[in-house]
Amino acid sequence: MTDAHDLVKKVLAELPAWLPAQRWFGGKDRPVTGVRELTSTVLNAEDPVLVHLVVEVEQQDRRAPYQLLATDQVEHCDATADLELNGRLLDLVARDARIGDLRFEREPGVEIPTGLRGRPVTSEQSNTSLVYGSQYILKLFRKLTPGPNPDLVLQRALQEVGCEHIARPLGSITGVLDGRETTVAMLQQFVPDAVDGWAMATTSVRDLMAEGDLHAYEVGGDFAGEARRLGQAVATVHANLADALGSQRADADDIERSVRAMGERLDRVVASVPELEPYVPALREAFEQARDTPGGVVIQHIHGDLHLGQVLRTVHGWLLIDFEGEPGAPISERTALRSPLRDVAGMLRSFDYAAHQLLVGQPEDHQLAVRALEWSRRNRAAFTEGYAEAAAESVGDPRQRGYLLRAFELDKAVYEVAYEYANRPEWLTVPLSSIARITGEGA
Ligand SMILES: Nc1ncnc2c1ncn2[C@@H]1O[C@H](COP(=O)(O)OP(=O)(O)O)[C@@H](O)[C@H]1O
Ligand SMILES: O=P(O)(O)O[C@H]1O[C@H](CO)[C@@H](O[C@H]2O[C@H](CO)[C@@H](O)[C@H](O)[C@H]2O)[C@H](O)[C@H]1O
């Protein structure tokens with residue numbers, strides 16, 4: 001029988017080869033050059049062994065902490081694949097347990113049953129989520145950042161002001177990293193009847209592509225009504241976040257920082273993705289133009305990585321999930337007050353993605369390209385209209401903040417270039433061709 005100590009040693013030895021193959025591993029651009037244990041907490045001493053592990057992953061000059069659950073029961077020691085062992089985590093939350101530095105807690109007034117098994121969500125993700133029965137979803141954050149996780153902080157705040165567009169937070173697991181209390185997992189209400197926006201939108205695009213002679217508004221699977229309701233939901237969440245946590249007018253320093261950050265991100269991305277080079281002058285010009293926004297800019301807490309995969313359609317309407325911000329961005333940026341138009345831009349990018357990803361790897365087809373653009377324009381317009389209808393007066397109509405929105409959209413597309421380069425190189429053409437279209441530089 002393996003004991004916890006031997007198990008941790010074995011896992012540490014296997015990680016350099018195993019990590020890069022995991023979807024949630026954020027460092028696929030460089031080899032893993034070392035892994036060391038930061039903390040290990042034994043959750044089950046034997047039969048089966050279950051160890052909560054935080055390791056520091058070294059990749060040349062970069063270091064980042066990652067969370068793992070190790071066991072001797074399954075291949076590659078990753079316990080999240082084991083339904084029975086996953087059940088232990090929910091049981092510990094249900095009992096408000098404390099083991100070593102790990103604190104398992106329910107949100108106030110929440111009751112949770114014990115004895116449920118946890119099945120991993122299999123869709124592409126930045127973290128690992130486990131679904132228990134038809135009511136609970138526990139997200140284990142993989143790459144950790146010392147301190148409270150914005151996903152929990154923002155959704156708790158939204159719950160307190162009665163936001164109708166989130167799934168209720170039900171509990172959390174907190175550990176200690178760099179001497180700071182750190183959120184390592186969040187438990188939420190699972191919405192079993194939900195369909196994500198990406199699945200709905202891409203189905204609609206496929207319907208349109210299949211109907212050679214019809215326009216988007218004539219096709220049964222038209223998404224524009226949903227896009228408009230989604231815009232209203234996003235604007236409402238922004239208003240709720242401002243009510244819960246405040247908002248303010250950006251001053252000259254805030255704007256300067258934001259424009260500088262967009263330029264710096266561009267520098268970093270173009271250094272590793274030379275395909276972006278031809279667009280650099282136009283991108284810089286667009287970022288500079290963001291300085292001139294008539295009426296000023298309101299900043300507040302926002303979602304930070306909003307796209308169609310982060311919204312769920314339930315029988316009651318749209319829900320927003322995953323308020324963690326861009327997985328690759330530093331925590332200072334993810335928790336900073338920012339313009340809500342960044343989320344609008346994120347969603348506009350996503351409509352463009354939904355329309356154009358079906359063309360990836362296909363032979364050039366002018367007719368399909370025209371239809372993709374038609375779908376994207378129609379749904380982007382519907383979303384923005386819905387947003388404008390429900391937006392707080394201080395935020396206003398995104399269509400009257402054209403330069404700012406354009407700069408944010410381009411900045412997001414630059415982020416996506418880096419994301420696709422590291423994770424799905426065959427999709428790199430999607431953000432690159434959008435940049436070409438928006439800047440008018442070819443394609
Ligand atoms: N409350 C929920 N109800 C139903 N499904 C959910 C819920 N939260 C997340 N999911 C599903 O789990 C997937 C991953 O969740 P997400 O919070 O986006 O994790 P990640 O941070 O790993 O990207 C989502 O795409 C969605 O399909
Ligand atoms: O894992 P997260 O959901 O937090 O977000 C990351 O992965 C997303 C892809 O799964 C990525 O989104 C990009 O691709 C989407 C289609 O798969 C598209 O709808 C988005 O508009 C596009 O940005 C996201 O950027 C990344 O942070």
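Not measured: the values here are computed from a predicted model. Counting starts at 1 for both ligands and their atoms, in listed order.
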Discussion item. Applying the side chain to side chain contact (heavy atoms under 4.5 Å, CB included) criterion to Val184, which one of Thr174, Leu177, Leu144 satisfies it?
Written reply: Leu144
Worksheet item: Is there at least one pair of N or O atoms, one from Gln310 and one from ligand 1, spaced under 3.5 Å apart?
Response: yes
Worksheet item: What part of Asp322 sits under 4.0 Å from ligand 2 if we count only heavy atoms: the side chain, the backbone, both or neither?
Response: side chain
Worksheet item: Do Ile302 and Leu337 touch side chain to side chain, with heavy atoms closer than 4.5 Å?
Response: no
Worksheet item: Short list, please: which atoms of ligand 2 are under 4.0 Å from a heavy atom of Ser350?
Response: 18 (C), 19 (O), 20 (C), 21 (O)
Item to complete: Would you check the N or O atoms of Gln188, main chain and side chain alike, for any that come under 3.5 Å of an N or O of ligand 1?
Response: no
Worksheet item: Do Gln189 and Gln135 meet the criterion of a side-chain donor-acceptor pair at a distance under 3.5 Å?
Response: no
Worksheet, complete the sentence: Between Lys139 and the options Thr128, Asn149, Asp151, the side chain to side chain donor-acceptor pair (under 3.5 Å) test singles out Asp151
Discussion item. Could you work out, with side chain to side chain donor-acceptor pair (under 3.5 Å) as the rule, every residue matching Tyr353, not counting sequence neighbours?
Written reply: Glu420
Worksheet item: Do Ser129 and Gln125 have side-chain atoms, one donor and one acceptor, less than 3.5 Å apart?
Response: yes
Worksheet item: Can an N or O of Tyr419 be found at a distance shorter than 3.5 Å from an N or O of ligand 2?
Response: yes
Worksheet item: Does some non-hydrogen atom of Arg424 fall short of 4.0 Å from ligand 2?
Response: yes
Fill in: Selection from Leu170, Ile137, Thr122 by shortest heavy-atom distance to atom 10 (N) of ligand 1
Ile137
Discussion item. Any nitrogen or oxygen of Ser126, side chain or backbone, less than 3.5 Å from one on ligand 1?
Written reply: yes
Fill in: Lys/Arg N to Asp/Glu carboxylate O, Arg437 vs Asp352, below 4.0 Å
yes
Fill in: No-hydrogen, no-angle side-chain donor-acceptor test under 3.5 Å, Arg349 and Ser434
yes
Item to complete: State whether the shortest distance between N or O atoms of Asp196 and N or O atoms of ligand 1 falls below 3.5 angstrom.
Response: no
Discussion item. Whether the Asp82 and Gln73 side chains hold a donor-acceptor pair (N or O, under 3.5 Å, no angle test) is what I'd like checked.
Written reply: no
Discussion item. If the cut-off is 4.0 Å to any non-hydrogen atom of Lys139, which atoms of ligand 1 fall inside it?
Written reply: 16 (P), 17 (O), 19 (O), 20 (P), 21 (O)
Item to complete: Would you tell me which option among Asp322, Val311, Ile321 has the nearest heavy-atom contact to atom 15 (O) of ligand 1?
Response: Ile321
Worksheet item: Any idea which atoms of ligand 1 are less than 4.0 Å away from a heavy-atom of Ala167?
Response: 1 (N)
Response to the item:
Filtering Arg349, Glu416, Arg23, Met347 for the heavy atom nearest atom 10 (O) of ligand 2 leaves Arg23
Worksheet item: Does any N or O atom in Ser126 lie less than 3.5 angstrom from one in ligand 2, N or O only?
Response: yes
Fill in: Arg334 versus Thr145, side-chain donor and acceptor atoms under 3.5 Å
yes
Discussion item. Out of all atoms in ligand 1, which are within 4.0 Å of some heavy atom of Gly309? Include the element for each.
Written reply: 25 (O)
Item to complete: List the steps, then state whether side chain to side chain contact (heavy atoms under 4.5 Å, CB included) holds for Phe351 with Met347.
Response: CA-CA 6 Å; Phe351 285 116; Met347 200 53 95; 3.9 Å; yes
Worksheet item: What do you reckon, does Asp305 have a nitrogen or oxygen under 3.5 Å from a nitrogen or oxygen of ligand 2?
Response: yes
Worksheet entry | Numbered atoms and elements of ligand 2 in range of Tyr415, under 4.0 angstrom, heavy atoms | 25 (O), 26 (C), 27 (O)
Practice prompt. Test Leu187 against every option in Leu90, Ile137, Leu152 by the side chain to side chain contact (heavy atoms under 4.5 Å, CB included) rule and name the one that passes.
Written response: Leu90
Practice prompt. Could you tell me whether Val191 approaches ligand 1 through its side chain, its backbone, both or neither, with non-hydrogen atoms closer than 4.0 Å?
Written response: both
Worksheet item: Does Glu326 approach ligand 2 within less than 4.0 angstrom via side chain, backbone, both or neither, non-hydrogen atoms only?
Response: neither
Worksheet item: Within the structure, does Leu312 bring an N/O atom to less than 3.5 angstrom of an N/O atom in ligand 1?
Response: no
